[in-house]
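Keep in mind it's a predicted model, so treat the numbers as computed, not measured.
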Amino acid sequence: MAPRKKKLTVATVNVNGVRAAVRRGMQPWLESRDPDVVLLQEVRAPDAELRKALPGFEHVAHTEAAAKGRAGVAIASTREFSAVRIGFAHDPHFSDSGRWIEVDVDTAVGPVTFVSAYVHSGEVGTPQQDDKYRFLDAMDVRLAELGKAAAVTGREALVAGDLNIGHTERDIKNWKGNRGKAGFLEDERAHFDHWFDGLGWVDTQRKVAGDVDGPFAWWSWRGQAFDNDTGWRIDYQLVTPGLAERLRTVETDRAPSYAERFSDHAPVVAVYSA
């Protein structure tokens with residue numbers, strides 16, 4: 001009998017408030033998917049409340065935002081963490097923003113650094129957009145470091161979350177109407193070009209889906225956006241090249257109907273194998 005292939009299932013989702021997501025039905029999805037690692041954004045709850053929402057996970061790392069009720073990112077794993085890091089070592093400006101958390105885990109497919117990231121939505125001409133660009137600049141530095149570490153040590157890396165930018169015209173249904181707006185600015189999208197073309201990171205969804213629209217993972221609660229699939233692909237799983245070679249599937253768990261959504265974002269779930 002051939003040995004069972006070692007497998008790693010990773011899910012990421014912006015829960016838009018974890019307590020609200022639980023009320024709307026997050027638990028059945030989580031139980032059905034049974035991920036080894038789940039990365040959450042916009043937790044917007046104290047640590048104790050988050051842990052109640054993740055009863056199947058013994059190991060949980062979470063950073064709240066200094067502004068209560070906003071942001072918050074977390075990582076839950078079935079395996080213990082060998083390290084947890086919050087924010088960027090080279091830019092402490094974001095240490096209490098609730099937007100970047102890293103953990104190191106020895107997974108079934110090897111050692112991996114996981115990052116749950118929540119990039120600012122931004123607004124052109126405002127301090128929020130300035131913060132967004134500073135955050136993206138910090139990501140440039142950290143992704144370069146993680147990529148180098150993967151090449152030298154073999155510890156692969158996965159950065160996932162709500163990055164609040166559509167990389168190409170394929171990633172926003174109404175891209176023409178969003179030219180010049182935060183989320184589709186050329187300067188924002190250039191960071192993605194740098195990560196992929198300059199640093200060698202891989203966009204898992206695009207790798208699997210190819211040159212097609214979407215698959216979208218965010219739709220406004222308002223109007224008919226969800227029913228008409230007028231969405232944005234702003235939720236990503238980005239991986240270092242070695243982990244990309246182990247990618248087997250990646251799917252966007254779009255709810256069957258508007259009423260069955262537990263967030264305005266759909267989860268993105270990927271499976272990697274040794």
Side-chain angles (χ1 to χ4, degrees), residues 8 10-15 18 35-48 50-51 54 57-67 70-120 131-164 191 194-195 199-202 204 235-243 270 272:
L8 169 68
V10 182
T12 182
V13 60
N14 178 322
V15 292
V18 72
D36 302 292
V37 178
V38 60
L39 304 101
L40 305 180
Q41 302 85 45
E42 274 204 277
V43 173
R44 302 200 320 238
D47 194 67
L50 169 64
R51 291 175 184 273
L54 299 168
F57 293 92
E58 182 179 353
H59 310 287
V60 179
H62 174 215
T63 177
E64 298 179 49
R70 299 179 63 84
V73 289
I75 303 174
S77 170
T78 56
R79 296 195 181 196
E80 65 181 332
F81 309 134
S82 57
V84 177
R85 295 174 294 275
I86 293 171
F88 303 102
H90 63 280
D91 190 350
H93 179 70
F94 297 107
S95 60
D96 62 354
S97 66
R99 292 181 179 275
W100 186 274
I101 190 167
E102 304 180 11
V103 301
D104 295 338
V105 182
D106 289 334
T107 76
V109 302
V112 179
T113 294
F114 295 95
V115 179
S116 182
Y118 177 43
V119 176
H120 309 65
D131 265 355
K132 184 175 188 176
Y133 281 130
R134 183 169 178 174
F135 193 90
L136 291 168
D137 288 342
M139 285 184 67
D140 288 348
V141 174
R142 188 57 183 144
L143 265 62
E145 293 172 344
L146 290 170
K148 183 176 180 180
V152 172
T153 70
R155 176 175 289 281
E156 303 296 343
L158 182 153
V159 175
D162 177 1
L163 304 187
N164 262 316
H191 285 272
H194 174 59
W195 301 339
L199 301 180
W201 284 74
V202 176
T204 58
D235 301 84
Y236 296 82
Q237 283 199 37
L238 311 182
V239 297
T240 46
L243 194 54
Y272 307 84

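Between L199 and A144, the shortest heavy-atom distance links the atoms CD1-N, 3.8 Å. When all heavy atoms of S82 and R155 are compared, the pair lying nearest together is OG-NH2, 4.2 Å. Taking both residues in full, the closest heavy atoms of E156 and A150 are given as OE1-CB, 3.7 Å, listed atom of the first, atom of the second, then distance. Residue A160 comes nearest to Q237 through the heavy atom pair CB-CG, 3.8 Å, listed as atom of the first residue, atom of the second, then distance. Of all the heavy atoms in W195 and L136, the pair that sits closest is CH2-CD2, 4.0 Å. Residue V112 comes nearest to L158 through the heavy atom pair CG1-N, 4.3 Å, listed as atom of the first residue, atom of the second, then distance.
A heavy-atom distance below 4.5 Å is not found between the side chains of L163 and D235. Here the side chains of D104 and R85 are in contact, with some heavy-atom distance below 4.5 Å. Looking at heavy atoms from C-beta onward, E64 lies out of side-chain contact with V43 at the 4.5 angstrom threshold. Put simply, the side chain of T107 does not reach to within 4.5 Å of the side chain of V10, judged on heavy atoms.
Every residue two or more places apart in sequence or in another chain was checked for a side-chain hydrogen bond (donor to acceptor under 3.5 Å, both in side chains) with W201, and none qualifies. The ring-ring contact (aromatic ring centres under 6.0 Å, His included) search around F81 returns none, not counting sequence neighbours.
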Intermediate values then yes/no, side chain to side chain contact (heavy atoms under 4.5 Å, CB included), V18 and E42: CA-CA 8 Å; V18 72; E42 274 204 277; over 6 Å; no
Step-by-step salt bridge (charged side-chain N to carboxylate O under 4.0 Å, His left out) determination, R79 to D36: CA-CA 8 Å; R79 296 195 181 196; D36 302 292; over 6 Å; no
Verdict with reasoning, V60 to L50, per side chain to side chain contact (heavy atoms under 4.5 Å, CB included): CA-CA 9 Å; V60 179; L50 169 64; 3.8 Å; yes
V159 and V239: CA distance, side-chain angles, deciding distance, side chain to side chain contact (heavy atoms under 4.5 Å, CB included) verdict: CA-CA 6 Å; V159 175; V239 297; over 6 Å; no
Candidate pair H191 and D140, rule side chain to side chain contact (heavy atoms under 4.5 Å, CB included), full reasoning: CA-CA 7 Å; H191 285 272; D140 288 348; 3.0 Å; yes
Candidate pair R142 and E145, rule salt bridge (charged side-chain N to carboxylate O under 4.0 Å, His left out), full reasoning: CA-CA 5 Å; R142 188 57 183 144; E145 293 172 344; 2.9 Å; yes
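Under the 6.0 Å distance and 45° angle rule, R99 counts as a cation-pi partner of Y118.
Note that the NE2 atom of H59 and the CD1 atom of I75 stand 13.5 Å from one another [nearest 0.5 Å]. Expressed to the nearest 0.5 Å, how far CZ of F88 lies from CH2 of W100 amounts to 4.5 Å. To the nearest 0.5 Å, atoms CZ (F135) and CG (N164) are separated by 10.5 Å. To the nearest 0.5 Å, atom OG of residue S77 and atom CG of residue D106 are 10.0 Å apart. Note: D162 CG to Q41 CD = 6.0 Å, rounded to the nearest 0.5 Å. With rounding to the nearest 0.5 angstrom, the CG atom of L39 is 12.0 Å from the CG atom of N14.
For the pair K148 (side chain) and L143 (backbone), a donor-acceptor distance under 3.5 Å is absent. With hydrogens and angles disregarded, a donor-acceptor distance shorter than 3.5 Å links the side chain of T240 to the backbone of A157.
Side chains of E102 and S116: no donor on one and acceptor on the other come within 3.5 Å.
Counting non-hydrogen atoms of other residues, nucleotides and ligands closer than 6.0 Å to CZ of R70 gives a total of 12 or fewer.
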